[in-house]
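Just so it is clear, the values below take in all heavy atoms, side chains as well, and ignore hydrogens, waters and symmetry mates. For clarity, every value in this text was computed on a predicted model and none was experimentally measured.
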Amino acid sequence: VIPGRRGPVGWTVKGGAITFEVEVCAAYGRVLPKLAESVRDAVAEHVGTMTGLDVRVVDVTVTGIDRSGPER
């Protein structure tokens, strides 16, 4: 395991700030920019609340499309 990297999530902490790199697989039919915005907002809100750190950046990359089920 690389420090700051656990599977599809990576992070860097500098001082009181944190940045994230998140990889997601999207359900077929989802609007990708909207999905990325939702993930970015959720990560920033929850990590900020749990840690008290300033979440500076959340980079979201869609790495795949899941066609196995209906759109959520």
Side-chain angles (χ1 to χ4, degrees):
V1 174
I2 299 170
R5 189 79 184 165
R6 296 237 164 74
V9 178
W11 64 90
T12 305
V13 179
K14 289 185 182 176
I18 189 166
T19 62
F20 275 91
E21 300 158 7
V22 181
E23 296 175 1
V24 298
C25 182
Y28 179 77
R30 294 292 303 258
V31 178
L32 299 183
K34 222 172 166 182
L35 173 65
E37 181 180 3
S38 295
V39 171
R40 187 173 23 256
D41 292 347
V43 168
E45 178 184 344
H46 294 293
V47 170
T49 299
M50 289 188 298
T51 66
L53 294 171
D54 177 26
V55 181
R56 295 266 171 103
V57 176
V58 179
D59 288 326
V60 179
T61 303
V62 177
T63 58
I65 304 294
D66 180 4
R67 295 175 176 246
S68 64
E71 176 187 10
R72 296 179 202 197

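- With a 4.5 Å cut-off on side-chain heavy atoms, Glu37 and Val39 do not count as touching.
- Cys25 contributes atom SG, which lies 11.0 Å from atom CZ of Arg67 (distance to the nearest 0.5 angstrom).
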Under the side-chain contact (heavy atoms from CB on, under 4.5 Å) criterion, do Thr12 and Ile18 qualify, and how do the steps go? CA-CA 6 Å; Thr12 305; Ile18 189 166; over 6 Å; no

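- Among residues two or more places apart in sequence or in another chain, the side-chain contact (heavy atoms from CB on, under 4.5 Å) test is passed with Val57 by Thr19, Asp59.
- The distance from the CG atom of Leu35 to the CZ atom of Arg30 is 5.0 Å, given to the nearest 0.5 Å.
- Applying the side chain to side chain donor-acceptor pair (under 3.5 Å) definition to pairs two or more places apart or across chains, none involves residues 38-52.
- With sequence neighbours left out, Ala44 forms a side-chain contact (heavy atoms from CB on, under 4.5 Å) with Val55, Val58.
- Taking the side chain as every heavy atom from C-beta outward, Tyr28 and Asp66 never approach each other to under 4.5 Å.
- Between Trp11 and Val13, the shortest heavy-atom distance links the atoms CD1-CG2, 4.2 Å.
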